[in-house]
There are 2 protein chains.
Amino acid sequence: MAETEAAAPTRRDRKKQQTRAALMAAALRLVDERGLEHVTVEDISEAADVSPRTFFNYFATKDDAVLGGPLPNGPSMHDRLLAVPADVPLVPAILQAMSADIAEIQSERDFWLTRLRVIRNNSSLLPLLIARGECAEQETVTAVAARTGLPADSLFPQLAATLTGAAFRTAMMRWATAGDNLYDLVRETFQVLETGLAPTHQEVMR
Amino acid sequence: MAETEAAAPTRRDRKKQQTRAALMAAALRLVDERGLEHVTVEDISEAADVSPRTFFNYFATKDDAVLGGPLPNGPSMHDRLLAVPADVPLVPAILQAMSADIAEIQSERDFWLTRLRVIRNNSSLLPLLIARGECAEQETVTAVAARTGLPADSLFPQLAATLTGAAFRTAMMRWATAGDNLYDLVRETFQVLETGLAPTHQEVMR
DNA sequence: GTAAAAGTTTGCAGCCTCTGCAAGTTCGGT
DNA sequence: ACCGAACTTGCAGAGGCTGCAAACTTTTAC
């Protein structure tokens with residue numbers, strides 16, 4: 001019963017989804033073409049065929065339309081990380097917990113490449129992306145704490161979350177520049193994290 | 001001659017410095033008390049006894065007044081990192097290059113504790129803090145590349161920069177919550193970075 | 001099928017941040 | 001003391017964003 005309800009989007013639901021997608025596509029395209037400072041909310045709304053007031057029913061800020069919402073639905077990072085078998089070392093476990101997100105990004109490659117290019121070309125957007133990531137990292141903190149038996153407010157779980165987040169973002173930006181397979185890039189950065197940041201055994205890296 | 005000129009601030013210089021400091025102090029205090037959304041540029045200017053138009057002669061945005069300018073002067077992160085003897089391992093070298101900044105933050109402890117509390121309580125400020133760090137990170141990339149002989153666009157220098165940046169931010173926010181000595185906290189987080197992110201030898205951490 | 005309820009869009013006014021412009025004021029140099 | 005440079009300030013306006021309420025669309029209940 002509850003499943004049937006969730007599976008049957010109404011015309012309303014569909015129209016909302018379409019409007020949201022249109023706004024995001026318009027924002028991304030226009031900012032890609034002209035730069036963030038030269039695109040107004042009115043421009044974006046016009047391109048998506050809604051009023052500016054409606055824009056703000058979908059996005060709190062202009063930047064949000066460019067950056068898009070969080071990655072959709074699915075189980076939380078917390079649940080995914082705890083679902084990885086306990087005998088998997090921590091960093092590979094985090095990678096595994098992220099693999100669905102990574103696959104989704106890879107499957108929408110063109111869209112994401114545009115988005116990341118826009119972020120790179122409009123410098124005010126990257127800190128926003130990073131800050132977003134850091135807020136979402138709280139789920140990772142609590143999951144790492146649960147896996148390791150450490151208190152959530154101790155250094156290690158927090159560090160694990162922020163460092164894997166930073167490594168992931170670094171891999172993303174490299175993928176956007178000249179990468180093929182996002183998963184491989186993330187795995188590579190995570191390996192550095194796992195073994196330690198020392199050039200002695202990293203100098204063979206490209 | 002040139003030195004005498006630099007050493008003798010005019011009344012103009014002194015007044016500018018005073019106004020700038022007054023604006024920053026007012027911004028920090030008011031936002032701490034009321035929250036960012038409830039403090040206007042007019043409030044801040046009024047408290048500092050200047051007009052709102054003058055405010056913008058000093059700061060590009062309201063947020064900038066709260067966060068203050070970048071850490072002052074001094075040699076770039078790039079220069080400092082390259083000045084560390086080449087036989088010092090990379091992560092300790094980065095820590096050493098940062099030590100002057102860390103000492104300065106520690107010496108203005110109360111001011112920074114207020115500032116970090118304000119950032120924590122007003123999450124829209126976090127991206128700005130991150131953006132501030134990014135300039136230093138870019139300088140770190142080029143310096144790491146020079147130290148290691150790797151190309152600046154290869155993975156390792158970029159990862160070194162983003163990971164030490166993230167580690168530093170984590171240490172800062174922990175220091176703001178319940179820390180005593182910022183340098184020790186940063187060193188601790190950097191040690192995790194150096195040896196690798198694995199709970200096996202980190203479980204003794206608090 | 002119809003009417004009412006619920007949800008969504010939209011126009012509008014206004015607050016706030018921020019910018020360019022130019023007149024007025026203060027400071028520094030001669 | 002005078003003049004030019006530097007700084008302050010008032011003003012108007014653009015753009016982002018919010019609350020409000022009327023109008024419109026879709027869904028629900030009978």
Side-chain angles (χ1 to χ4, degrees), chain A residues 1-2 4-24 26-28 30-31 34-67 69 122-125 127-128, chain B residues 1-2 4-24 26-28 30-31 34-69 122-125 127-128 131:
Chain A
M1 196 60 184
T4 307
E5 287 175 28
T10 60
R11 165 165 290 126
R12 274 205 160 115
D13 294 331
R14 276 182 273 116
K15 285 201 161 185
K16 281 183 62 173
Q17 185 72 289
Q18 279 170 5
T19 300
R20 186 181 178 85
L23 285 168
M24 280 165 60
L28 203 54
L30 292 173
V31 173
R34 310 182 195 166
L36 186 61
E37 316 301 327
H38 298 103
V39 177
T40 63
V41 166
E42 183 157 350
D43 295 332
I44 298 169
S45 310
E46 183 73 33
D49 203 27
V50 295
S51 83
R53 185 62 188 83
T54 299
F55 174 97
F56 290 105
N57 291 340
Y58 286 84
F59 299 101
T61 69
K62 185 171 99 170
D63 292 340
D64 281 344
V66 180
L67 291 175
N122 297 275
S123 59
S124 64
L125 292 175
L128 282 175
Chain B
M1 196 60 184
T4 307
E5 286 175 28
T10 60
R11 164 164 292 129
R12 275 205 161 115
D13 294 330
R14 276 180 279 119
K15 286 201 162 188
K16 282 184 63 175
Q17 186 71 288
Q18 279 170 5
T19 300
R20 185 181 180 85
L23 285 168
M24 280 165 58
L28 200 56
L30 291 172
V31 172
R34 310 185 195 162
L36 186 62
E37 316 302 326
H38 298 102
V39 176
T40 63
V41 167
E42 184 158 352
D43 295 332
I44 298 168
S45 309
E46 183 72 35
D49 203 26
V50 296
S51 82
R53 187 62 188 83
T54 300
F55 173 97
F56 290 106
N57 292 340
Y58 287 84
F59 299 102
T61 69
K62 184 171 98 170
D63 292 345
D64 281 342
V66 179
L67 288 178
N122 297 276
S123 59
S124 65
L125 291 173
L128 262 185

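Remember, predicted model here, so these are calculated numbers, not experimental data. Every chain is numbered from 1, with letters handed out A, B, ... down the list of sequences.
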*Asks:* Shortest non-hydrogen contact from A/Gly35 to A/Asn122?
*Replies:* CA-OD1, 3.6 Å
*Asks:* Does A/Ser51 put a side-chain nitrogen or oxygen below 4.0 Å from OP1 or OP2 of C/dT9?
*Replies:* no
*Asks:* My understanding is that only residues two or more places apart in sequence, or in another chain, count here; which of them pass side-chain hydrogen bond (donor to acceptor under 3.5 Å, both in side chains) with A/Ser51?
*Replies:* A/Thr54
*Asks:* Heavy atoms within less than 4.0 Å of DNA chain C: which residues of residues 36-48 of chain A have one? Give them sorted by number.
*Replies:* none
*Asks:* May I have the distance from B/Asn57 (atom CG) to C/dT19 (atom C1'), rounded to whole angstrom?
*Replies:* 11 Å
*Asks:* Rounded to the nearest 0.5 Å, what's the gap from CZ on B/Phe55 to CG on B/Asp64? Could you check?
*Replies:* 8.0 Å
*Asks:* Which residues pass the side chain to side chain contact (heavy atoms under 4.5 Å, CB included) test with B/Thr19, sequence neighbours left out?
*Replies:* B/Leu23, B/Val50, B/Tyr58
*Asks:* What's touching nucleotides 27-30 of chain C from the protein side, N or O pairs under 3.5 Å?
*Replies:*
unit_1	atom_1	unit_2	atom_2	d
C/dC27	OP1	B/Lys15	NZ	3.0
C/dC27	O4'	B/Arg12	NH2	3.4
C/dC27	O2	B/Arg12	NH1	3.3
C/dC27	O2	B/Arg12	NH2	3.4
C/dG28	OP1	B/Thr10	OG1	3.2
C/dG28	OP1	B/Arg11	N	2.6
C/dG28	OP1	B/Arg12	N	3.0

*Asks:* Between B/Asp49 (CG) and D/dT8 (C1'), how many Å, whole number?
*Replies:* 12 Å
*Asks:* Taking side chain to side chain contact (heavy atoms under 4.5 Å, CB included) as the definition, give me every residue that meets it alongside A/Ala26, ordered by chain and number, with sequence neighbours left out.
*Replies:* A/Ile44, A/Ala47
*Asks:* Could you list all N or O pairs between the protein and nucleotides 18-20 of chain D that sit under 3.5 Å apart?
*Replies:*
unit_1	atom_1	unit_2	atom_2	d
D/dG19	N7	A/Arg53	NH2	3.1
D/dG19	O6	A/Arg53	NE	2.6

*Asks:* Rounded to the Å, how far apart are B/Phe55 CZ and D/dC7 C1'?
*Replies:* 17 Å
*Asks:* Using a 4.0 Å heavy-atom cut-off, does B/Tyr58 contact any base of the nucleic acid, only the sugar-phosphate backbone, or nothing at all?
*Replies:* sugar-phosphate
*Asks:* What nucleotide among D/dC7, D/dT8, D/dC17 has an atom nearest to a side-chain atom of B/Lys16?
*Replies:* D/dC7
*Asks:* Please enumerate all residues that pass salt bridge (Lys or Arg N to Asp or Glu O under 4.0 Å) together with B/Asp43, with sequence neighbours excluded.
*Replies:* B/Arg34
*Asks:* Tell me the interatomic distance from B/Asp64, atom CG, to C/dT19, atom P, rounded to whole angstroms.
*Replies:* 10 Å
*Asks:* Would you please name every residue forming a side-chain hydrogen bond (donor to acceptor under 3.5 Å, both in side chains) with A/Asn57, sequence neighbours left out?
*Replies:* A/Arg53
*Asks:* For A/Leu30 versus A/Val39, what's the shortest heavy-atom pair and its separation?
*Replies:* O-CG2, 3.4 Å
*Asks:* Using the side chain to side chain contact (heavy atoms under 4.5 Å, CB included) criterion, which residues pair with B/Glu46? Sequence neighbours excluded.
*Replies:* none
*Asks:* With respect to the side chain of A/Lys62, which nucleotide from D/dC17, D/dT9, C/dC18 is positioned closest?
*Replies:* D/dC17
*Asks:* Using the side-chain hydrogen bond (donor to acceptor under 3.5 Å, both in side chains) criterion, which residues pair with B/Ser123? Sequence neighbours excluded.
*Replies:* none
*Asks:* Could you pull out all residues at least two apart from A/Gln17 that satisfy side chain to side chain contact (heavy atoms under 4.5 Å, CB included)?
*Replies:* A/Arg20
